[in-house]
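Residue numbers start from 1 in every chain, and the chains themselves are labelled A, B, ... in the order their sequence lines are given, proteins ahead of strands.
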2 protein chains.
Amino acid sequence: MSLIVQKFGGSSVANAECIRRVAGIIAETYQAGNEVVVILSAQGDTTDELIAKAKEINPRPSKRELDMLMATGEQMSISLMAMCLAGMGISAVSLAGWQIGMKTNSHYGSARIERVTGERIKKELSRNRVVLVAGFQGVNPSGDITTLGRGGSDTSAVAIAAALHANKCQIYTDVDGVYTADPRKVPGARKLDEITYEEMLELASLGAQVLHNRSVEMAKKYHVQLEVLSSFKQLPGTLVKEVTKQVEQIEITGIAKDTETALFALVGLQDEPGKAFRVFRLLSNAKVNVDVILQSIGRGSIKDISFTVPKCDTEKTLAALQEHKAALGFDRIDVDTTVAKVSIVGAGMVSTPGVAAKMFEALADAKININMISTSEINISVLVNAEQADRAMNAIHDKFFGEQ
Amino acid sequence: MSLIVQKFGGSSVANAECIRRVAGIIAETYQAGNEVVVILSAQGDTTDELIAKAKEINPRPSKRELDMLMATGEQMSISLMAMCLAGMGISAVSLAGWQIGMKTNSHYGSARIERVTGERIKKELSRNRVVLVAGFQGVNPSGDITTLGRGGSDTSAVAIAAALHANKCQIYTDVDGVYTADPRKVPGARKLDEITYEEMLELASLGAQVLHNRSVEMAKKYHVQLEVLSSFKQLPGTLVKEVTKQVEQIEITGIAKDTETALFALVGLQDEPGKAFRVFRLLSNAKVNVDVILQSIGRGSIKDISFTVPKCDTEKTLAALQEHKAALGFDRIDVDTTVAKVSIVGAGMVSTPGVAAKMFEALADAKININMISTSEINISVLVNAEQADRAMNAIHDKFFGEQ
């Protein structure tokens with residue numbers, strides 16, 4: 001008998017029909033003799049509707065109260081699913097975050113999980129019940145409801161799988177696995193059978209939206225074997241694990257695109273020692289997450305510094321730089337939000353010479369200009385014009401995986 | 001400084017506009033220097049919508065899961081109200097039933113309150129916060145969410161007022177107080193300034209729908225002074241308390257109508273000792289709440305027994321009687337669901353001779369036939385044809401309170 005944790009996202013439980021389909025998957029897993037713990041998100045657009053309700057009352061609602069409001073969404077999903085399973089003759093029980101001891105810190109809206117007590121879940125499993133847990137939510141030391149922020153339900157699932165030493169944590173979503181590239185953009189994209197945590201982390205943080213990197217980080221830390229699969233198709237998904245069998249044979253694992261990036265240029269910066277350091281310390285203090293950095297070679301006493309930040313931090317970045325314009329001493333700030341970062345990822349890259357050259361060749365052949373380049377041990381990212389990003393992905397994909 | 005508990009029903013918080021109006025009432029009470037604890041119901045039709053959602057999934061959902069689902073309604077109301085008050089510069093905090101220690105038994109769907117710990121509420125009050133509590137819900141010894149059933153939010157409010165030794169418990173509703181009769185049916189009905197718990201209990205159980213008698217019973221038991229008033233008009237309401245000043249001066253306090261009653265007649269019952277007892281023991285075992293009873297004088301060896309039951313118990317009553325037809329020995333059962341019970345209530349009745357005669361005279365003058373009569377220390381009820389009930393109420397009201 002295995003203990004399997006399954007997580008279904010909002011689109012998988014959007015309406016009664018979807019709930020019945022998911023109940024079928026849960027029932028099958030349970031009837032195959034497994035212990036099953038299921039983590040659910042709020043139905044479809046519920047979270048957005050609740051936020052709209054809040055904004056109608058107060059355009060800047062407190063995060064504590066917003067969490068109190070939003071937590072109702074997942075509670076609805078789990079109680080409805082319990083009713084559906086009961087209708088199929090399967091004993092199930094729904095539990096909110098506070099009931100399973102999902103202990104978090106007090107950062108409302110983006111709380112971090114500190115501990116999962118899990119006693120209640122174990123008790124219900126021992127009664128042969130399917131346990132349905134509200135994802136995305138927890139309880140802080142004051143006994144108040146918190147939510148986990150982006151990727152929260154995936155993270156709930158991995159944390160519970162870790163606490164229960166589950167044999168597997170299945171993340172059901174609307175795609176049937178992790179692909180070599182986004183199949184909506186790259187027609188030739190192939191589904192991967194396996195991928196390492198590190199590769200998945202790179203893909204997630206580089207723009208692939210299958211799994212949030214918080215949940216992958218936690219899975220890696222606690223050795224939780226993840227499986228990404230579709231709740232709409234009965235197909236094997238992608239396993240995310242420590243070591244994969246293909247690591248040595250393939251050059252790269254996947255290609256990702258991130259259009260949520262803004263390119264800043266500080267033009268005419270006085271070329272003094274420590275100037276770059278002061279710029280980035282300033283942005284760090286402003287909680288701006290600087291990504292790729294390019295420092296031009298100085299022309300006489302001045303130089304330019306370019307860097308990318310998440311698009312949502314554009315205003316914050318501008319404000320911080322403008323405020324210290326005199327101290328930093330630059331002529332002007334150029335901002336370009338029409339850029340995209342295209343990245344290749346692969347644990348095998350480090351042991352395979354010529355991967356970068358092959359990528360740049362693909363882009364050159366496609367006449368796509370590269371603005372900036374950044375590399376790490378298992379990824380290479382290039383900044384290109386956003387309009388050319390899909391073409392860039394396809395060109396790179398064809399080069400590495402062969403034309404479809 | 002007083003501690004005031006305020007309860008607002010679903011229609012008072014139905015939408016953003018209603019929430020703002022109620023927030024105004026709360027703010028005024030708070031800014032007058034009072035400590036304020038507010039109990040809210042789910043918005044407008046939310047509870048019905050949630051039940052419909054459940055029934056779509058499972059026509060007979062488990063009560064435990066239905067409570068889990070329904071409890072989200074009040075949680076939404078309180079968080080939205082906290083946001084609204086915050087927008088007005090008033091510090092408020094929303095708390096679900098489990099957070100304030102609203103301990104109940106495990107009768108899902110109709111749980112009884114066992115204890116209110118109230119520590120958390122006191123802590124928040126000491127921080128000068130308005131405390132917003134989700135009504136209608138509690139938590140059982142297993143740590144599961146329960147709901148209190150009909151009249152639940154009123155009962156939550158009274159229980160919290162009792163636990164906190166509040167100076168007053170204000171029940172805001174869509175009427176502006178307790179009337180001598182339903183003002184929608186009796187145009188001359190007058191608002192009462194004060195009414196005793198006993199009178200309110202009689203009115204509530206005789207069909208006046210202002211307060212549920214569970215909440216009045218609890219208020220009486222714990223000496224909680226209630227006030228019924230309107231959230232739509234800025235007017236004094238009706239105080240419900242131990243002793244009222246007018247008790248000696250007026251004959252009756254109010255008139256109520258109950259059309260949710262069914263009249264049964266067991267015709268041709270063998271007239272043997274103990275026969276009536278056996279009929280009513282049988283109905284008691286079937287959990288049927290028998291109200292008015294009339295036993296005809298026997299005609300030879302047979303007699304008839306008539307009694308009323310709540311209309312919703314009609315089928316259950318019929319089934320129980322049919323099943324034991326042979327043992328009881330009667331010719332047939334007549335059922336009439338077109339009757340109404342019209343009652344007069346007043347603590348002064350017992351010390352004022354001729355009240356019953358005055359009531360019967362009013363009905364006789366209006367040519368309204370009386371089917372059955374029942375009396376208690378503070379009420380007289382008559383059974384009339386349902387179509388004549390409003391006319392009966394008006395005739396009685398005119399007789400006692402003078403024509404409008």
* Among A:Lys123, A:Arg64, A:Arg60, A:Lys53, single out the residue with the greatest number of heavy-atom pairs under 4.5 Å to chain B. => A:Arg64

* Structure fact -> Under 4.5 Å to a heavy atom of chain B? For A:Ala23 that would be neither

* Asked: For chain A, which of B:Ala54, B:Ala71, B:Ala86 has the most heavy-atom pairs under 4.5 Å?
  -> B:Ala54

* To do: Can you tell which part of A:Ile19 gets under 4.5 Å to a heavy atom of chain B, answering side chain, backbone, both or neither?
  => side chain

* Count the heavy-atom pairs under 4.5 Å between each of A:Glu56, A:Met76, A:Met68 and chain B, then report the option with the highest count. => A:Met68

* Mind checking the CG-OG spacing from A:Leu66 to B:Ser79? Nearest 0.5 Å is all I need. => 8.5 Å

* Asked: Quick check: are there more than 12 heavy atoms from other residues, nucleotides or ligands sitting under 6.0 Å from NZ of B:Lys63?
  -> no

* Calculate, to the nearest 0.5 Å, the distance between atoms CD and CG belonging to B:Glu65 and A:Leu85 respectively. => 9.5 Å

* Asked: What part of A:Arg120 is in contact with chain B, defined as an atom under 4.5 angstrom from a non-hydrogen atom: side chain, backbone, both or neither?
  -> side chain

* Between CG on residue A:Leu95 and CG on residue B:Asp144, distance to nearest 0.5 Å -> 7.0 Å

* Looking at A:Ser94, A:Gly143, A:Ala82, which one has more heavy-atom pairs under 4.5 Å with chain B than the rest? -> A:Ser94

* A:Glu74 portion near chain B, given a 4.5 angstrom heavy-atom threshold -> neither

* To do: Determine, step by step, whether A:Met81 and B:Ile57 satisfy the side-chain contact (heavy atoms from CB on, under 4.5 Å) criterion, reporting the C-alpha distance in whole Å, the side-chain angles of both residues, the deciding distance to 0.1 Å, and the verdict.
  => CA-CA 8 Å; A:Met81 186 63 77; B:Ile57 295 284; over 6 Å; no

* Asked: Any idea which of A:Val139, A:Asp67, A:Leu69 has the most non-hydrogen atom pairs under 4.5 angstrom with chain B?
  -> A:Leu69

* Asked: Which atoms form the tightest heavy-atom contact between B:Gln99 and A:Ile145, and what is the distance?
  -> NE2-N, 3.9 Å

* Asked: In terms of heavy-atom pairs under 4.5 Å, which option from B:Met70, B:Arg20, B:Glu17, B:Met83 contacts chain A the most?
  -> B:Met83

